[in-house]
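Beneath this line is the structure, given in structure tokens, with notes to follow.
The model shown is predicted, which means the values in this text are computed figures rather than measured ones. Letters A, B, ... mirror the listed sequences (proteins, then strands); counts begin at 1.
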There are 2 protein chains.
Amino acid sequence: MHISAKCSVAVHCLIFIYEYGEKAKVTSELLSRSTGINPVTIRNILSSLKKDGIIDVKSGTGGATLKCAPSEITLYRVWKAIEPDFLAKLIGVHSTPSELCPVGRNIHDVLDSTYQKIRDDLSSGLSSITLEDVLREYHGALEREDKSVF
Amino acid sequence: MHISAKCSVAVHCLIFIYEYGEKAKVTSELLSRSTGINPVTIRNILSSLKKDGIIDVKSGTGGATLKCAPSEITLYRVWKAIEPDFLAKLIGVHSTPSELCPVGRNIHDVLDSTYQKIRDDLSSGLSSITLEDVLREYHGALEREDKSVF
DNA sequence: ACCTCCTGTAAAATTTAGATTTACATCAAT
DNA sequence: ATTGATGTAAATCTAAATTTTACAGGAGGT
């Protein structure tokens with residue numbers, strides 16, 4: 001799974017947990033069915049989110065709940081929790097250049113400084129979006145869905 | 001290879017072609033040795049760059065040369081040439097959600113609109129960087145390299 | 001206390017996407 | 001013609017990651 005898809009799964013889970021976490025017992029099995037991703041991968045994702053303090057997972061009895069206000073959960077935080085060096089993976093350089101070639105020797109330095117601004121922009125973009133924003137979109141989509149039924 | 005790494009290889013090739021394309025015959029074999037990527041993949045990359053009009057590759061006798069001024073070659077153009085839907089691949093959504101779940105049914109719409117701004121930022125960031133800028137970095141790195149010898 | 005359900009991991013098996021290899025038709029210059 | 005290169009296509013290989021399987025450990029209900 002592409003790292004961005006993995007983070008999308010994480011957001012999917014967070015929406016689900018926000019919506020149902022208080023009323024029902026949200027297990028990895030349930031999230032697995034909703035996302036289409038197997039339970040072990042879901043547990044790994046939840047585990048990362050838990051370590052970051054974004055959610056709480058009851059061990060033993062099971063069930064996940066949000067531990068933060070949606071407005072405090074930025075996409076940056078989620079991506080970082082799932083994959084600490086997501087920036088380098090997302091905007092990266094090939095690792096095989098030849099040390100014998102002037103271009104090969106320097107390509108890493110050159111592209112790293114070139115990519116820095118892009119990475120920074122990406123970071124601040126992700127930082128500016130919170131789960132609250134995503135939930136707003138989600139509820140909008142739900143409403144449109146309801147209307148289309150009638 | 002991650003798509004960003006592939007585009008980095010493309011930029012690597014472009015630097016190489018700029019530096020040596022006029023003096024020497026820059027073949028896929030040569031670029032293969034410099035980048036550490038096999039000749040066929042290099043030829044595929046060159047083929048994409050050629051189709052976009054960024055470079056010219058002499059068929060028959062061989063050798064690649066730039067067809068544009070470095071100032072006209074933006075990173076956006078390069079990435080787009082290599083992978084037309086790189087934005088969706090870079091910032092994407094999992095494709096397996098359940099249609100039976102409200103979250104699953106809507107996650108694609110929700111995240112697509114959420115990601116739109118991020119994708120736009122990324123586009124304009126990549127559009128604002130040209131091969132000219134990269135070459136400037138490269139020549140700076142070369143100078144530092146020379147100095148460190150003495 | 002026991003039983004059940006779930007988490008948290010680890011290890012093995014499987015998948016799959018992509019790279020590499022191989023092959024060859026085509027083209028241009030010597 | 002011969003040589004050396006491109007441009008693809010097809011087969012093979014590889015490596016990364018998911019999925020499967022397995023199991024120890026925790027928490028609550030009976």
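The phosphate of D:dT19 has OP1 or OP2 within less than 4.0 Å of a side-chain N or O from A:Thr41. Contact between the side-chain N/O atoms of A:Lys50 and the OP1/OP2 oxygens of C:dG8 is found at a separation under 4.0 Å.
The pair A:Asp120-A:Lys117 does not count as a salt bridge, with every side-chain nitrogen at least 4.0 angstrom from each carboxylate oxygen. Comment: A:Asp112 engages A:Arg119 in a salt bridge, judged by a side-chain N to carboxylate O separation of less than 4.0 angstrom. Checked for salt-bridge contact, B:Lys50 and B:Asp56 miss the test: no charged N lies under 4.0 Å from a carboxylate O. The pair B:Lys89-B:Glu83 counts as a salt bridge, with a side-chain nitrogen and a carboxylate oxygen less than 4.0 angstrom apart.
Of the candidates D:dG26, C:dA19, D:dT8, D:dG26 carries the atom nearest the A:Ser59 side chain, counting heavy atoms from C-beta on. Set against D:dT20, C:dT21, D:dG4, the side chain of B:Lys25 has D:dG4 as its closest nucleotide. When distances run from any side-chain atom of B:Val40 to the nucleotides D:dT18, D:dT21, D:dT8, the shortest one goes to D:dT8. Closest to the side chain of B:Thr61, from the set C:dT9, C:dA28, C:dT21, is C:dA28.
Contacts of A:Phe86 classified as ring-ring contact (aromatic ring centres under 6.0 Å, His included), with partners at least two apart in sequence or in another chain: A:Tyr76, A:Trp79.
Contact annotation for A:Val57: backbone-only contact, meaning every heavy-atom pair under 4.0 Å involves sugar-phosphate atoms and none involves a base.
Remark: P of C:dT16 and NE2 of B:His2 are 19 Å apart, rounded to the nearest angstrom.
Donor-acceptor pairing under 3.5 Å is lacking for the side chains of A:His94 and B:Thr35.
Residues from residues 26-35 of chain B with heavy atoms under 4.0 angstrom of DNA chain D, sorted by number: B:Thr27, B:Ser28.
Positionally, the nearest nucleotide of DNA chain C for A:Gly60 lies more toward the 5' end than for the other of A:Gly60 and A:Asn44.
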How does DNA chain D read in dot-bracket, base by base from 5' to 3', with Watson-Crick or G-U pairs under 3.5 Å and | used when the partner is on another strand?
||||||||||||||||||||||||||||||
